J.: 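Below you will find the structure I want to go over with you.
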Amino acid sequence: MVYAPVRPDRSLPPVLVNLFSDTQTRPSAAMKDAMMLAEVGDEQNGDDPGVNALCDRMAALTGKESAVFLPTGTMCNQIALLVHTRRGDEILAHESSHIVGNEGGAPGALAGSVVLGLRGARGMFDSATMTAALREKRRNAPPQTLVAVEQTTNAGGGAVWPLDLLSDVLASAHRLGMKTHMDGARLMNAAVAAGISAGAFAEHCDSVWLDFTKGLGAPVGAVLCGSAAFIDQAWRWKQRLGGAMRQAGICAAACLYALDHHVDRLAEDHANARTLAAGLAEVPGLAVEEPETNLVFFDTRASGLTADTLAARVRREGLSVSTVGTYRVRACTHLDVDAAGVDTAVQIIAGAIRGA
Ligand SMILES: *Cc1c(COP(=O)(O)O)cnc(C)c1O
């Protein structure tokens with residue numbers, strides 16, 4: 001088994017259109033300028049002005065008392081689980097969620113909690129499904145202490161939890177005595193797509209975080225928000241895990257730049273995703289899921305090609321996409337892909353299917 005990333009295959013042509021992930025966005029020249037000009041200090045000592053400004057803005061944006069800057073979204077999720085749960089606790093989350101399948105088993109490895117995967121369309125579940133998963137409070141049952149949701153849902157198709165469904169699930173969790181956590185890796189995509197503020201979506205969350213390295217286009221950084229008491233505990237774990245930094249303002253400057261310049265434009269990514277989905281829907285052999293934000297998923301089964309075969313073929317034509325199952329492909333729009341790139345992508349995929 002190879003655990004380290006595989007280096008790019010130099011025999012392949014350069015990537016012309018990168019729909020692999022919105023994590024692969026490059027900092028723009030203006031973002032780099034903002035980083036160059038950043039005033040910095042010792043972050044773990046509370047002295048970095050850029051980090052402090054970013055945390056204040058994120059706390060205000062999500063309607064929470066306080067916030068902490070962390071290197072990655074995964075660390076936001078895991079620190080939240082470390083604060084909210086104890087060893088042996090059970091977390092209720094969608095079975096397709098990032099904490100279940102994409103964080104190396106970290107809930108078990110770090111907090112020592114287990115995740116009970118709930119089912120539901122597009123990465124979401126309702127309060128009836130959640131309530132049905134509750135265990136009798138017996139000595140031999142794991143304590144169920146936390147409900148975690150993703151906004152938007154990643155493997156669920158980039159779907160946006162409708163506010164009433166989300167509020168019902170999270171308020172019910174609170175009434176049942178559980179804490180609530182939102183993995184808001186793409187929270188601003190949800191806010192822009194729905195025209196609902198991040199704060200409204202996060203209202204019933206004890207913790208919520210935003211990733212700056214997805215569609216917001218920053219090179220490093222995520223911010224975890226919650227009550228002052230929660231963030232105090234989170235800081236202890238940040239220190240323990242080696243996430244306490246030094247002149248991190250150079251990274252926070254990119255995040256502040258992204259908040260100012262890259263939020264409203266997420267609407268362009270969503271429009272490009274709709275155009276991409278509409279184009280792919282015309283290609284025989286593909287079944288395309290209706291995108292709600294910047295993630296487009298499609299099924300290749302009827303084309304006779306597996307997702308990996310299609311991805312390898314289009315890569316030879318300069319298009320990069322990711323695969324998330326034998327027949328499921330994910331194509332992601334972001335600030336480094338324009339409408340012309342989307343048209344090229346449709347042509348390359350259609351050509352690869354015809355060649356089959
Ligand atoms: C990307 C992502 C994460 C992890 O974020 P990193 O910054 O890559 O660690 C967590 N949850 C969801 C839903 C994501 O899409």
Side-chain angles (χ1 to χ4, degrees), residues 5 19-25 27 54 58 67-82 91 93-107 109-111 115 117-118 120 122-125 146-161 166 180-191 193 198 201-202 205 207-225 234 237-238 241-243 245 248 251-252 254-255 258 262 266 269 273 291-297 322-324 328 330-334:
L19 301 180
F20 187 87
S21 177
D22 48 5
T23 55
Q24 297 196 348
T25 46
L54 177 65
M58 284 306 301
V68 60
F69 188 50
L70 292 167
T72 65
T74 300
M75 200 183 279
C76 292
N77 271 338
Q78 295 310 321
I79 286 182
L81 302 192
L82 283 159
I91 300 159
H94 194 273
E95 61 180 0
S96 73
S97 57
H98 203 275
I99 56 169
V100 172
N102 297 81
E103 299 187 9
L110 302 176
V115 186
L118 305 184
R122 308 233 348 123
M124 297 176 265
F125 50 88
L146 180 69
V147 173
V149 295
E150 268 173 32
Q151 182 72 311
T152 64
T153 67
N154 182 343
V160 181
W161 285 73
L166 183 68
T180 58
H181 171 69
M182 178 180 285
D183 171 340
R186 296 185 180 80
L187 177 58
M188 298 320 292
N189 290 84
F201 279 135
C205 297
S207 51
V208 54
W209 62 270
L210 174 67
D211 212 331
F212 286 89
T213 65
K214 302 281 162 92
L216 296 179
V220 186
V223 176
L224 175 65
C225 310
W237 282 110
K238 171 175 154 103
L241 296 174
M245 295 176 274
C251 300
C255 303
H262 291 171
L266 292 171
D269 298 343
E292 292 181 39
T293 53
N294 69 323
L295 307 180
V296 179
F297 287 81
S322 59
T323 61
V324 287
R328 199 160 176 243
R330 192 186 78 163
C332 199
T333 59
H334 50 75

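Worth knowing before you read on, the calculation uses all heavy atoms, side chains too, and leaves out hydrogens, waters and symmetry mates. Whatever order the structure lists them in is the order used to number ligands and atoms, beginning at 1. Please read these numbers as outputs of a predicted model, since none were measured by experiment.
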J.: To the closest 0.5 Å, what do you measure between CG (L224) and CD (Q78)?
T.: 11.5 Å
J.: Check N77, T74, T152 against D183 for a side-chain hydrogen bond (donor to acceptor under 3.5 Å, both in side chains) and give me the one that passes.
T.: N77
J.: Quick check: D211 and ligand 1, any N/O pair under 3.5 Å apart?
T.: yes
J.: For the atom pair OG (S322) and CG (L295), what is the distance rounded to the nearest 0.5 Å?
T.: 9.0 Å
J.: Assert yes or no for the condition that the ring centre distance of W209 to F69 is strictly below 6.0 Å.
T.: no
J.: Is there any N or O on G73 that sits under 3.5 Å from an N or O of ligand 1?
T.: yes
J.: Which is it for D183 and ligand 1 at heavy atoms under 4.0 Å: side chain, backbone, both or neither?
T.: side chain
J.: For K214 and ligand 1, does the shortest N/O to N/O distance drop below 3.5 Å?
T.: yes
J.: Mind checking whether M75 has a heavy atom under 4.0 Å from ligand 1?
T.: no
J.: What atoms of ligand 1 come closer than 4.0 angstrom to any heavy atom of E103?
T.: 10 (C)
J.: Counting heavy atoms only, which part of F212 comes closer than 4.0 Å to ligand 1: side chain, backbone, both or neither?
T.: neither
J.: Checking the side chain of K238 only, and the main-chain atoms of G243 only, is there a donor and an acceptor separated by less than 3.5 Å?
T.: yes
J.: Between atom SG of C225 and atom CG of L210, what is the distance when rounded to the nearest 0.5 Å?
T.: 8.0 Å
J.: Evaluate W209 for polar contact with ligand 1, using N/O atom pairs at a separation under 3.5 Å.
T.: no
J.: Using a 4.0 Å cut-off to any heavy atom of T74, which atoms of ligand 1 qualify?
T.: 4 (C), 5 (O), 6 (P), 9 (O)
J.: Would you say ligand 1 has an N or O under 3.5 Å from any N or O of E150?
T.: no
J.: Can an N or O of T152 be found at a distance shorter than 3.5 Å from an N or O of ligand 1?
T.: no
J.: Can you sort out which atoms of ligand 1 are near T72, meaning under 4.0 Å from one of its heavy atoms?
T.: 7 (O), 9 (O)
